[in-house]
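Reading through the structure tokens given below for one structure.
For the single chain, residues carry numbers from 1 onward in sequence order. Remember, it's a predicted structure, so these values are computed and weren't measured experimentally. Indexing begins at 1, ligand by ligand and atom by atom, following the structure's order. We use all heavy atoms of the structure for the numbers below, so side chains are in, but hydrogens, waters and symmetry mates are not.
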Amino acid sequence: MLDVLGSLERTYTCGELREQQVGERVVLMGWVAKKRDFGVFTFIDLRDRDGITQIVVSEETDREAHAKAKLLRGEYVVAVIGEVFLRTEGTHNAKLATGDVEVHASEILILNDAKTLPFELEKAGSQNLASEDLRLKYRYLDLRRPKLQRNIMMRAKTVTRMREFMDAQNFIEIETPILLKSTPEGARDFVVPSRIHAGKFFALPQSPQILKQITMIACFDKYYQIARCFRDEDLRADRQPEFTQLDVEMSFANQEMVYRLLESLYGHIFKLIDVELPAKFPRMTYAEALRRYGSDKPDLRFEMELVDLSETLRETDFAPFASVLENKGEIKGIVVKGKADYSRKILDELQEFAKRYGAGALAWIKLGETETTSSLLKVLGEAKIAELAAAANAEKGDLVLIVAGKKSVVAAALGALRLEVAKREDLIPKDVFKPLLVTEFPMFEHDEESDTYAAAHHPFTSPMDEDLEMFRTAIEDESQHHLLGNVRAKAYDAVINGIEVAGGSIRIHQREVQALNFKALGLSQEKARERFGFFLEALEYGTPPHGGFAAGVERTLMALLQTDNIRDLIAFPKTASAQDLMMDSPGDVDVSQLKELGIKIAE
Ligand code: ASP
């Protein structure tokens with residue numbers, strides 16, 4: 001029978017019934033999550049997106065329904081007609097919102113059957129009892145798990161909040177094209193071949209950066225968009241090739257205005273989980289964040305700040321340290337409270353971990369109850385070790401971990417170690433939310449190998465007024481080029497619990513400065529005109545000062561839901577090797593399609 005449903009309509013979801021519906025005749029529809037046969041009684045956990053309701057079918061009173069229930073297997077889709085009863089004393093289930101009641105079914109309709117699932121839903125989430133690849137192949141099944149249901153619904157609520165907020169602040173939602181010309185933000189573009197203009201390509205937006213700036217030139221004043229962005233990068237655990245941002249731009253804005261907007265936006269979003277964020281977020285410059293936490297997105301839920309030990313070792317004749325200091329490097333450490341008893345094995349693991357961030361080695365001092373030991377004891381001697389421990393403010397029972405090297409390496413290695421140790425030792429409190437605005441990012445990143453400078457944020461970010469002279473000098477005077485490394489930008493990030501939830505900048509709004517910046521980035525005038533000519537021209541027609549930010553939807557959810565698995569927050573994510581296992585993409589296309597596009601695949 002095709003039309004199993006007929007005129008039957010459900011009266012409640014599986015999460016709605018409470019004591020006050022007792023006595024009502026109801027119709028529920030959902031999936032069989034669990035079935036238990038107890039002779040004359042069969043119990044069914046009926047599940048939909050809203051929850052689970054216990055169904056009881058009795059052979060004595062409802063012989064036909066009971067016989068139907070016998071046929072049910074996991075994930076069958078059924079309609080249940082029955083009456084709501086209070087559960088008997090002692091069988092209430094506090095874990096279920098509907099746990100005080102049950103439905104005594106008088107009729108069961110099988111709306112559809114289901115094959116045996118390739119993995120058990122109940123166990124799918126725990127300790128990887130089903131491999132993630134298998135779950136991604138059957139994403140529609142994995143998505144039935146309550147945790148993923150909750151995540152995806154939370155995502156919808158978060159995006160709704162974002163829209164509500166932006167709309168209330170008088171921002172206008174403007175859609176920008178997905179088929180675009182490349183607007184580089186430092187990643188590789190995804191390109192789309194044009195059929196009509198064979199041999200030419202569109203690029204998918206890495207973000208709508210240039211277009212949102214152009215909406216400012218077009219006088220829209222306050223723009224936002226829930227924008228899909230595409231970046232063809234080698235994936236990391238917290239990255240996906242496509243992701244979503246709340247993209248924002250406003251005219252006549254200075255940093256303070258953007259900060260206020262970010263603070264109230266996140267204040268509004270976090271009310272979703274009944275968390276009151278501070279009205280004003282603490283602030284830290286990029287330089288300070290790196291110095292104190294070894295990271296531009298410090299997690300402030302715990303301390304363990306980096307301590308500089310360079311001065312204590314200034315006169316050392318231990319060659320590796322001496323050469324680091326001579327080459328303008330540093331020697332820094334972190335103190336792990338009460339962990340002087342770490343085994344050799346753990347220390348070896350931590351050393352391996354630090355090496356992944358470029359550290360040559362990880363030195364340690366253990367301030368044990370009876371003796372102090374250290375990997376540096378032989379080379380530095382007892383007195384120096386004691387001096388170092390004191391400089392680090394370490395006390396009896398503590399462990400000091402030390403890294404020496406280039407400033408960037410020391411920061412990266414100790415910053416990562418700080419987090420790693422905090423995770424191992426469970427030092428990060430749950431349900432605590434620590435927002436932070438990180439300001440004054442550097443304008444450029446230096447690539448030592450090619451001695452070139454790339455935009456640290458993107459090429460449209462404005463230098464700080466204080467550094468404008470230096471910026472000009474560095475570009476105009478070849479011999480001063482290295483000064484680019486010191487120029488700070490009007491760029492900022494919002495960070496919550498170590499997650500960079502949003503980032504943005506005040507933009508360059510003068511053509512001349514924009515052209516200079518392209519030059520700093522090594523783009524010839526010709527190249528700049530070819531790629532950005534339309535934008536340079538647009539800047540000449542009355543461009544207001546402007547700035548904005550983009551807030552990552554997935555990143556924001558990671559902070560809200562306290563998870564670090566980005567795939568759990570996207571309905572149909574890609575794997576770490578950028579594949580969709582359910583649809584099996586990327587896939588082949590017909591030879592005829594390639595022909596139309598004028599494309600030949602090289603062997
Ligand atoms: N377009 C930038 C990004 O995607 C955000 C911004 O500067 O507004 O990171």
Side-chain angles (χ1 to χ4, degrees), residues 162 166 169 171-178 180-190 203-217 220-233 236 238-251 253-255 257-262 265-266 286 296-297 437-445 454-464 488-495 499-509 514 517 521 532 535 543-556 558 566:
M162 288 175 165
M166 297 314 293
Q169 304 282 324
F171 282 75
I172 303 165
E173 184 164 13
I174 302 176
E175 287 181 84
T176 53
I178 294 291
L180 213 67
K181 178 168 164 153
S182 167
T183 60
E185 298 223 6
R188 211 176 281 116
D189 283 324
F190 277 101
L204 304 184
Q206 291 182 28
S207 92
Q209 184 60 38
I210 289 190
L211 287 166
K212 71 170 168 177
Q213 290 189 239
I214 290 182
T215 66
M216 296 301 103
I217 302 177
F220 283 107
D221 207 85
K222 287 172 155 189
Y223 144 102
Y224 85 99
Q225 177 178 200
I226 306 292
R228 193 68 69 84
C229 304
F230 304 85
R231 296 183 192 175
D232 188 4
E233 289 171 297
R236 283 199 248 130
D238 66 343
R239 289 237 177 106
Q240 283 276 309
E242 52 180 300
F243 56 93
T244 310
Q245 293 181 336
L246 165 64
D247 196 40
V248 174
E249 196 72 13
M250 54 182 171
S251 292
N254 57 28
Q255 281 114 297
M257 287 165 72
V258 181
Y259 298 161
R260 284 203 299 274
L261 192 68
L262 276 165
L265 167 69
Y266 275 94
Y286 168 90
D296 59 3
K297 43 179 195 297
L437 288 167
V438 181
T439 63
E440 298 184 20
F441 272 77
M443 183 87 177
F444 301 100
E445 270 163 15
H457 186 47
H458 53 58
F460 316 105
T461 294
S462 169
M464 279 176 52
R488 292 164 302 165
K490 292 181 183 173
Y492 35 76
D493 278 351
V495 175
I499 301 168
E500 176 203 327
V501 291
S505 59
I506 300 298
R507 327 297 182 186
I508 297 169
H509 69 281
Q514 184 64 67
N517 198 34
L521 297 170
F532 301 111
F535 182 57
T543 302
H546 59 285
F549 64 86
V553 169
E554 291 86 5
R555 300 271 184 88
T556 299
M558 283 167 134
I566 191 170

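Counting atoms of ligand 1 from 1 in the listed order, those under 4.0 Å from a heavy atom of Gln245 are 3 (C), 4 (O). Numbered from 1 in the order shown, with element, the atoms of ligand 1 that lie under 4.0 Å from a heavy atom of Lys212 read 6 (C), 8 (O). Remark: ligand 1 atoms within the under-4.0 Å shell around heavy atoms of Phe549 are 8 (O). Here is the list of ligand 1 atoms found below 4.0 Å of a heavy atom in Gly503: 5 (C), 6 (C). Interface atoms of ligand 1 facing Ser207, defined by a heavy-atom separation under 4.0 Å, are 1 (N), 4 (O). Within ligand 1, counting atoms from 1 as listed, the ones closer than 4.0 Å to a heavy atom of Gly504 are 6 (C), 7 (O).
More than 12 heavy atoms of other shown residues, nucleotides or ligands fall within 6.0 angstrom of atom NZ in Lys222.
Listed by chain and residue number, nothing satisfies the ring-ring contact (aromatic ring centres under 6.0 Å, His included) test with Phe243 (two or more places apart in sequence, or in another chain).
Considering backbone and side-chain N/O atoms, Glu249 never comes within less than 3.5 Å of an N/O atom of ligand 1. Checked against a 3.5 angstrom limit, the closest N/O atoms of Gln206 and ligand 1 fall outside it. Among the atoms of Asp247, none of the N or O lies under 3.5 angstrom from an N or O of ligand 1.
Looking only at heavy atoms of the protein, atom 3 (C) of ligand 1 is closest to Glu185 OE1, 3.4 Å. Among protein heavy atoms, the minimum distance from atom 1 (N) of ligand 1 is reached at Gln209 OE1, 2.7 Å.
Residues Met162 and Thr556 are in side-chain contact: their nearest non-hydrogen atoms beyond the backbone lie under 4.5 Å apart. Using a 4.5 Å cut-off on side-chain heavy atoms (C-beta onward), Arg231 and Ser207 make contact. Ser505 is listed as a side-chain neighbour of His457, based on a closest heavy-atom distance under 4.5 Å.
Of the heavy atoms in Arg507, only side-chain atoms (C-beta onward) come closer than 4.0 Å to ligand 1. Both the backbone and the side chain of Ala550 come within 4.0 Å of ligand 1, counting heavy atoms alone.
Checking Gln255 against Thr439 by side-chain atom types alone, no donor-acceptor pair falls below 3.5 Å.
Residue pairs meeting the salt bridge (charged side-chain N to carboxylate O under 4.0 Å, His left out) criterion with at least one partner in residues 203-216, sequence neighbours excluded, are Lys212-Asp247, Lys212-Glu249.
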Would Leu262 and Leu437 count as a side-chain contact (heavy atoms from CB on, under 4.5 Å) here? Give the steps. CA-CA 9 Å; Leu262 276 165; Leu437 288 167; 4.2 Å; yes
Would Tyr492 and Tyr259 count as a ring pair (Phe, Tyr, Trp, His ring centres under 6.0 Å) here? Give the steps. CA-CA 9 Å; Tyr492 35 76; Tyr259 298 161; 5.3 Å; yes
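Arg231 counts as a contact of ligand 1, since one of its heavy atoms falls under 4.0 Å from the ligand.
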